[in-house]
J.: 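Following this message is one structure expressed as structure tokens.
For the single chain, residues carry numbers from 1 onward in sequence order. Computed from a prediction, not measured in an experiment: that's the story for all the values here.
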Amino acid sequence: MAIVENKVKITFINGDVYEGDPPISKKLNGFGMYTVANNHTYKGIWKNNKLTSGVIIKPSFTYIGDVYEFQPCGRGSLTRTYADNLTTV
């Protein structure tokens with residue numbers, strides 16, 4: 001017997017995509033990944049449409065840790081990527 005988890009994939013008119021736990025009362029709650037049309041990715045724990053902890057991936061950096069208003073905040077690790085593809089931690 002296979003247990004199938006209830007996951008959704010939502011593609012918005014602007015090209016953004018959310019994959020993860022189903023929204024509750026039209027708000028993202030639980031674990032999921034939100035990819036913005038400009039290739040920024042937010043993955044982790046969502047509460048009331050806001051990422052509270054997880055991973056932020058942008059062309060210039062990758063961040064793992066606490067998040068507030070879609071920005072690194074509190075405890076976490078930031079790795080920067082430069083134009084020559086070198087990285088620093």
Side-chain angles (χ1 to χ4, degrees):
M1 180 174 142
I3 298 174
V4 178
E5 295 184 47
N6 189 17
K7 302 290 180 191
V8 297
K9 179 176 182 179
I10 302 168
T11 302
F12 298 91
I13 290 175
N14 64 1
D16 294 358
V17 177
Y18 170 78
E19 296 180 72
D21 293 337
I24 298 171
S25 299
K26 298 184 180 181
K27 295 193 176 193
L28 304 180
N29 286 285
F31 185 81
M33 180 171 68
Y34 192 100
T35 302
V36 182
N38 64 7
N39 291 326
H40 295 181
T41 300
Y42 304 91
K43 181 178 182 180
I45 306 299
W46 295 81
K47 184 174 182 182
N48 294 322
N49 277 352
K50 294 185 179 181
L51 184 67
T52 59
S53 66
V55 179
I56 298 173
I57 302 170
K58 294 187 176 185
S60 61
F61 69 85
T62 298
Y63 172 80
I64 301 170
D66 296 337
V67 178
Y68 180 75
E69 298 293 330
F70 297 96
Q71 297 296 322
C73 177
R75 298 182 70 182
S77 172
L78 179 76
T79 303
R80 292 197 180 274
T81 304
Y82 295 96
D84 55 10
N85 290 322
L86 296 175
T87 59
T88 61
V89 178

J.: Do V17 and K9 make a side-chain contact, defined as non-hydrogen atoms from C-beta onward lying under 4.5 Å apart?
T.: yes
J.: Is there a side-chain contact between M33 and W46, using heavy atoms and a 4.5 Å cut-off?
T.: no
J.: Check whether any side-chain heavy atom of T62 sits under 4.5 Å from a side-chain heavy atom of V55, and report yes or no.
T.: yes
J.: For side chain to side chain contact (heavy atoms under 4.5 Å, CB included), just list the numbers for S53 and D66, CA-CA rounded to whole Å, side-chain angles, deciding distance to a tenth of an Å, and then say yes or no.
T.: CA-CA 4 Å; S53 66; D66 296 337; 4.2 Å; yes
J.: Would you say the side chain of P22 lies within less than 4.5 Å of the side chain of N6, judging by non-hydrogen atoms?
T.: yes
J.: Might you confirm whether atom NZ of K27 has over 12 heavy atoms from other residues, nucleotides or ligands at distances under 6.0 Å?
T.: no
J.: Which heavy atom of P23 sits nearest to which heavy atom of V8, and what is that distance?
T.: CD-CG2, 4.1 Å
J.: For the residue pair Y42 and L51, what are the closest heavy atoms and their distance?
T.: CB-CD2, 3.8 Å
J.: Do N48 and N29 come within less than 4.5 Å of each other through their side chains, counting heavy atoms only?
T.: yes
J.: Is there side-chain contact between Y68 and K50, with heavy atoms separated by less than 4.5 Å?
T.: no
J.: With side chains defined as the heavy atoms from C-beta onward, is the minimum distance between I57 and H40 less than 4.5 Å?
T.: no
J.: Taking atom CD1 of I45 and atom CG of D21, what is their separation to the nearest 0.5 Å?
T.: 8.0 Å
J.: Got more than 12 heavy atoms from elsewhere within 6.0 Å of NZ, K47?
T.: no
J.: Taking a hydrophobic cluster as the set of Ile, Leu, Val, Met, Phe, Trp and Tyr residues connected by side-chain heavy atoms closer than 4.5 Å, whether directly or through intermediates, do V36 and I10 fall within one such cluster?
T.: yes
J.: Determine whether V67 and L78 fall in the same hydrophobic cluster, where Ile, Leu, Val, Met, Phe, Trp and Tyr are linked whenever their side-chain heavy atoms lie under 4.5 Å apart.
T.: yes
J.: Rounded to the nearest 0.5 Å, how far apart are CD of Q71 and CD1 of I56?
T.: 6.0 Å
J.: Which heavy atom of A37 sits nearest a heavy atom of G15, and at what distance?
T.: CB-C, 4.1 Å
J.: For the atom pair CG (D16) and OH (Y34), what is the distance rounded to the nearest 0.5 Å?
T.: 3.5 Å
J.: State the NZ-CG distance between K26 and N49, to the nearest 0.5 angstrom.
T.: 12.0 Å
J.: Flag the pair T79 / F61 as yes when at least one side-chain heavy-atom distance between them is below 4.5 Å, and no otherwise.
T.: no
